K.L.:
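Sending over a structure as structure tokens; questions will come in a sec.
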Amino acid sequence: MASVRIFLPDNSVKTFDHQPTVLEVANRIGPRLAKDTLGAQLNGESDVVDLRTLLPDGSKIKIITIKDAESLQVIRHSAAHLMAQAVQELWPEVKVTIGPVIDAGFYYDFDSARPFTPDDLPKIEKKMQEILARNEDVVREDWPIDKAIETFEKMGERFKAELIRDLAAKGETTVGIYKQGLVWFDLCRGPHVQRMGQIKAVKVLSLAGSYWRGDEKNAQLQRVYATAFNDKKELDEHLKNLEEAKKRDHRKLGKELGLFYFHQLSPGGPFFAPKGALIYNELQSFIREKYREYQYQEVITPQIFDVDLFHQSGHYDNYRENMYFTKVDDRDFSFKPMNCPGHCLLYQAERKSYRELPWRVADFGRLHRYERSGVMHGLNRVRTFCQDDAHIFCRMDQLQAEISQFVTMLNDVYHTLGMDNYLIYLSTRPEKRMGSDEVWDQAEAALADALTALNLPFKINAGDGAFYGPKLDIMFVDAIKRPWQLGTLQCDFNLPRAFDLNYVGDDNKEHRPVMLHRAILGSLERFIGVYLEHTAGHLPLWLSPVQIELLTVTDRQLDFARELASKFNAHGLRVHIDERGEKLGYKIREAQLQKIPYMLILGDKELESKRISVRLSSGKVIESLDIETFTQDVLREINERRLTSFLQPTPTNTNQEAHNSSTI
RNA sequence: GCCCAUGUGGCUCAGGGGUAGAGCACACCCUUGGUAAGGGUGAGGUCGUGAGUUCGAGUCUCACCAUGGGCUCCA
């Protein structure tokens with residue numbers, strides 16, 4: 001077969017003498033480039049596409065490029081130039097640095113002696129609008145590199161000059177210059193819009209400090225965040241989502257719903273109040289159920305270990321600054337930051353036969369990691385937490401099946417939780433790594449093949465793997481389209497060697513197992529935070545701290561309410577009676593704000609008929625239900641872990657979209 | 001860890017050198033009212049911690065702690 005050529009965005013070409021797999025491409029073209037450009041799917045038939053345009057056909061690689069996303073990027077990048085122009089027209093002394101496109105918009109870093117203030121944002125936006133109205137042409141010129149350096153230097157744009165010098169050092173001889181109108185220009189690779197007026201919808205959002213090249217030793221810069229969209233409608237929708245995100249902030253919901261708290265005497269240490277602990281424990285029970293189903297065994301391992309353990313595992317060398325230490329009896333101990341080394345000790349406790357593999361051990365152990373003070377954020381980043389952590393020790397020939405089982409289990413769990421929208425990333429070998437290329441080839445192929453066999457699309461993060469092995473990261477995309485990394489599966493060639501783990505094969509010889517680290521929810525803490533934001537606090541019944549609130553119209557119904565409550569209680573339902581002498585409307589409002597799924601209204605009518613009237617948190621009211629039937633229906637809803645009320649028609653499931661629109 | 005901001009009753013916030021305010025929540029009383037806030041009374045705070053300036057400090061200064069937005073980090 002003819003060679004296959006892959007054209008890269010920087011115009012270089014890589015040639016393969018056979019049909020390359022996507023992994024080969026990723027490993028060949030290098031991490032940085034692949035990360036920016038490769039969205040890929042092994043589907044065994046489709047055209048090989050290159051990274052610039054279309055490409056050689058007959059290959060088994062398909063690279064998904066989303067045209068819309070690309071043009072949006074162009075608009076945003078042009079809008080970044082627009083912002084720079086606006087700022088310099090307002091304050092000519094301000095110097096420009098860089099202004100890249102990011103996930104939901106773009107930013108530009110400025111060097112300004114005077115720090116920007118929030119009042120400056122509307123000014124900048126107004127100036128941007130003025131410039132847009134001029135609708136100037138955007139023209140590209142290619143300048144000899146010396147001329148470019150000289151020009152920017154003369155203007156005092158030392159950051160730009162530095163960037164161009166770097167390009168010169170890489171052997172570039174010309175650089176792209178984009179002119180907006182007659183006067184203003186900037187260094188850029190492009191592409192850009194042809195006329196400024198093509199930018200239809202921009203919004204300046206916020207302000208932050210940053211550093212030149214992200215290094216705190218360098219100059220402090222003023223970063224202005226903004227976003228741009230194809231049209232006003234898209235922009236408005238995005239702004240609405242930002243609003244919505246604020247409303248859904250799990251820190252706010254956690255307080256309002258009485259789920260968890262923080263105290264300054266334990267930074268990064270969440271307190272789960274009774275209601276929050278209920279959610280925590282229900283999630284654990286759910287995962288335990290899945291462990292039984294997927295044949296994991298749960299273990300319990302120590303909290304504190306002699307530091308020697310972490311010397312042996314390598315964590316001390318690589319991870320020390322994130323660990324807590326303590327000295328007892330003149331001996332150095334450490335709180336475990338992860339369960340794996342302990343599991344290795346447990347693996348060694350008994351001699352393993354190949355028949356015992358795969359050996360899957362799960363552990364809800366408490367972990368402590370010292371996080372730098374600036375990185376903690378609600379439940380998303382804490383210093384003490386627990387993961388739905390498990391390790392699988394298996395033979396190399398079992399690898400693919402284990403990966404496959406994990407992905408199936410994850411899909412199962414996410415589906416039950418109403419989280420069908422997720423993306424899978426395969427991170428491949430980094431430059432600094434351990435283990436032979438042969439082993440890496442096998443492991444990467446096992447990951448890719450498992451996903452392909454399950455017909456799950458995935459994207460390659462070339463070079464993003466850990467030094468000890470390749471991994472899958474699962475990005476859950478929530479109800480307002482924000483990605484969160486929750487689940488992960490990591491192959492590890494390091495720990496089995498560090499602990500000299502073996503099993504006896506059918507050849508009566510010792511062999512080294514592969515170790516897999518895996519979690520589905522990630523940390524329970526973080527998961528609860530994410531899930532609260534995904535559901536805006538409207539949890540499914542089985543996770544609701546209070547499932548049924550009993551609201552009496554007058555005190556005459558209190559005995560009836562207590563009778564009902566003990567009946568529900570006996571079935572294991574979580575019930576609460578609002579016994580306060582408030583009016584019904586008042587009690588309803590409170591129950592509503594607490595997002596309690598079922599409100600039972602008890603008045604004289606119900607007392608006489610011995611039937612109940614139910615109000616859902618959606619506001620829907622159903623009158624005169626039979627108590628026994630209601631109880632059974634509610635129990636069924638819980639046991640089946642249903643996402644919507646049995647009284648509410650299930651909306652059609654439109655979840656699968658995400659897989660087909662693997663963006664980026 | 002770095003930059004900026006913030007820290008006042010359980011919660012949300014006002015006040016800004018002369019001895020602490022509101023709404024909600026809470027307690028009690030009146031009201032027993034049918035699907036998102038009935039009325040009254042009351043209790044509750046050494047204004048994040050420590051030092052300084054001042055006749056006098058929630059209020060000004062400094063340090064520290066915590067939180068928030070970013071940066072960086074997340075073998």
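What you see below is based on every heavy atom in this structure, not just the backbone, and it leaves out hydrogens, waters and symmetry mates. Lettering follows sequence order; numbering is per chain, from 1. Owing to the predicted nature of the structure, the values given are computational and were not obtained by experimental measurement.
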K.L.:
Measure the acute angle between the ring planes of A:Y324 and A:Y370, then classify it against the limits of 30° and 60° as parallel, tilted or perpendicular.
P.N.:
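Plane angle over 60°, so perpendicular.
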
K.L.:
Answer yes or no: does a side-chain N or O of A:Y107 lie under 4.0 Å from OP1 or OP2 of B:rG70?
P.N.:
no

K.L.:
Using Watson-Crick or G-U wobble geometry with both distances below 3.5 Å, tell me the partner of B:rC28, or none.
P.N.:
B:rG40

K.L.:
Check A:K275 against A:Q594 and note the closest heavy-atom contact, atom names and distance.
P.N.:
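Taking every non-hydrogen atom into account, NZ-OE1, 3.7 Å.
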
K.L.:
For B:rG1, which nucleotide in any strand shown is its Watson-Crick or wobble partner with both distances under 3.5 Å?
P.N.:
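Partner of B:rG1: B:rC71.
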
K.L.:
Tabulate protein N/O versus nucleotide N/O from nucleotides 3-5 of chain B, keeping only pairs under 3.5 Å, one per line.
P.N.:
residue: B:rC3; atom: O4'; partner: A:Q220; partner atom: OE1; Å: 3.2

K.L.:
Between A:P470 and A:R429, is there a side-chain heavy-atom distance shorter than 4.5 Å?
P.N.:
no

K.L.:
With a 4.5 Å heavy-atom cut-off, do A:S645 and A:E637 have their side chains touching?
P.N.:
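In short, these two side chains touch, coming nearer than 4.5 Å.
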
K.L.:
Should A:R372 be listed as having a side-chain N or O under 4.0 Å from OP1 or OP2 of B:rC74?
P.N.:
no

K.L.:
Who does B:rG58 pair with, Watson-Crick or G-U, both distances under 3.5 Å?
P.N.:
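Partner of B:rG58: none found under 3.5 Å.
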
K.L.:
Base, sugar-phosphate, or nothing: which does A:G581 touch, judged by heavy atoms less than 4.0 Å apart?
P.N.:
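Counting heavy atoms under 4.0 Å across all strands, the contact made by A:G581 includes a base.
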
K.L.:
Determine, for A:F260 and A:K255, whether the Lys NZ or Arg CZ falls below 6.0 Å from the six-membered ring centre while staying within 45 degrees of the axis.
P.N.:
no

K.L.:
Would you kindly give the CZ-to-P distance between A:R223 and B:rG70, to the nearest whole Å?
P.N.:
11 Å

K.L.:
Using a heavy-atom cut-off of 4.0 Å across all strands, would you classify A:D604 as base, sugar-phosphate, or nothing?
P.N.:
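Here A:D604 touches the bases of the nucleic acid.
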
K.L.:
Would you indicate, yes or no, if B:rG34 has its OP1 or OP2 atom less than 4.0 angstrom from a side-chain nitrogen or oxygen of A:R615?
P.N.:
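Result: no.
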
K.L.:
The side chain of A:D555 is closest to which nucleotide in this list: B:rG7, B:rG33, B:rA75?
P.N.:
B:rG33

K.L.:
For the pair made of CD in A:E582 and C1' in B:rC28, what is the distance, rounded to whole Å?
P.N.:
13 Å

K.L.:
I'd like to know if A:H263 reaches the base of B:rA66 with its side chain, counting only an N/O donor and acceptor under 3.5 Å.
P.N.:
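It does not, because no donor-acceptor pair links the side chain of A:H263 to the base of B:rA66 below 3.5 Å.
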
K.L.:
Write down the atom of A:L379, the atom of A:P270, and the distance for their closest heavy-atom approach.
P.N.:
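It is CD2-CB, 3.6 Å.
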
K.L.:
Among B:rA66, B:rG1, B:rG69, find the nucleotide with the atom closest to the side chain of A:V375.
P.N.:
B:rG1

K.L.:
What's the gap between B:rC28 and B:rU19 when it is taken at their P atoms, as a whole Å value?
P.N.:
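Those two atoms are separated by 35 Å.
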
K.L.:
Which value, in whole Å, describes the distance between the C1' atoms of nucleotides B:rG44 and B:rU49?
P.N.:
22 Å

K.L.:
Counting heavy atoms from C-beta on, name the nucleotide in B:rG7, B:rG34, B:rU35 closest to the side chain of A:Q264.
P.N.:
B:rG7

K.L.:
Under the side-chain contact (heavy atoms from CB on, under 4.5 Å) test against A:L602, which residue among A:L558, A:L584, A:L564 passes?
P.N.:
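In the set A:L558, A:L584, A:L564, the residue that makes a side-chain contact (heavy atoms from CB on, under 4.5 Å) with A:L602 is A:L564.
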
K.L.:
May I ask you to evaluate whether A:T554 reaches the phosphate of B:rG33, defined as a side-chain N or O under 4.0 Å from OP1 or OP2?
P.N.:
no

K.L.:
Between B:rG34 atom P and A:Q557 atom CD, what is the distance in whole Å?
P.N.:
10 Å

K.L.:
Please identify each residue that fulfils side chain to side chain contact (heavy atoms under 4.5 Å, CB included) with A:V101, with sequence neighbours left out.
P.N.:
A:Q73, A:R76, A:H77

K.L.:
Taking any heavy-atom pair under 4.0 Å as a contact, classify A:Y225: base, sugar-phosphate, or nothing.
P.N.:
sugar-phosphate

K.L.:
Any side-chain N or O of A:H377 less than 4.0 Å from the OP1 or OP2 oxygen of B:rG70?
P.N.:
no

K.L.:
Salt bridge or not between A:R482 and A:E533? Use side-chain N to carboxylate O under 4.0 Å.
P.N.:
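The answer is yes: the pair qualifies as a salt bridge.
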
K.L.:
Take the angle between the ring planes of A:F335 and A:H368 and call it parallel below 30°, perpendicular above 60°, tilted in between.
P.N.:
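The arrangement is perpendicular - the two ring planes meet at more than 60°.
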
K.L.:
Would you indicate what A:Y370 reaches in the nucleic acid, counting non-hydrogen atoms under 4.0 angstrom: base, sugar-phosphate, or nothing?
P.N.:
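Contact class for A:Y370: sugar-phosphate only.
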
K.L.:
Looking for any heavy atom pair under 4.0 Å, which part of the strands does A:G465 touch: base, sugar-phosphate only, or nothing?
P.N.:
nothing

K.L.:
Would you state whether a donor and an acceptor, one from the side chain of A:E606 and one from the base of B:rG34, lie under 3.5 Å apart?
P.N.:
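Flag set: donor-acceptor pair detected.
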
K.L.:
Quick one: A:E256 CD to B:rC24 P, roughly how many Å, whole number?
P.N.:
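My rounded result for the distance is 17 Å.
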
K.L.:
Give the ring-plane orientation class for A:H391 versus A:F393, where under 30° counts as parallel, over 60° as perpendicular and anything between as tilted.
P.N.:
tilted

K.L.:
Please determine whether any donor N or O and acceptor N or O are separated by less than 3.5 Å between the side chain of A:R369 and the base of B:rC74.
P.N.:
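Result: no qualifying N/O pair found.
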
K.L.:
What is the base-pairing partner of B:rG21, counting Watson-Crick and G-U wobble geometry with both distances under 3.5 Å?
P.N.:
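Check on B:rG21: paired to B:rC13, both distances under 3.5 Å.
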
K.L.:
I'd like to know if A:S613 reaches the base of B:rU35 with its side chain, counting only an N/O donor and acceptor under 3.5 Å.
P.N.:
yes

K.L.:
Can we say A:K247 and A:D249 salt-bridge, meaning some charged N sits less than 4.0 Å from an Asp/Glu carboxylate O?
P.N.:
no

K.L.:
Where along residues 583-599 of chain A does a heavy atom come under 4.0 Å from RNA chain B, residue by residue in number order?
P.N.:
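The answer is A:K583, A:L584, A:G585, A:Y586, A:I588, A:R589, A:Q592, A:L593.
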
K.L.:
Just the rounded figure in Å: distance from P of B:rU32 to NZ of A:K605.
P.N.:
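Distance, rounded to whole Å: 20 Å.
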
K.L.:
Measuring to OP1 and OP2 of B:rC26, would you say a side-chain N or O of A:R580 lies under 4.0 angstrom away?
P.N.:
yes

K.L.:
In Watson-Crick or G-U wobble terms, both distances under 3.5 Å, what is the partner of B:rG34?
P.N.:
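Base-paired to nothing in any strand shown.
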
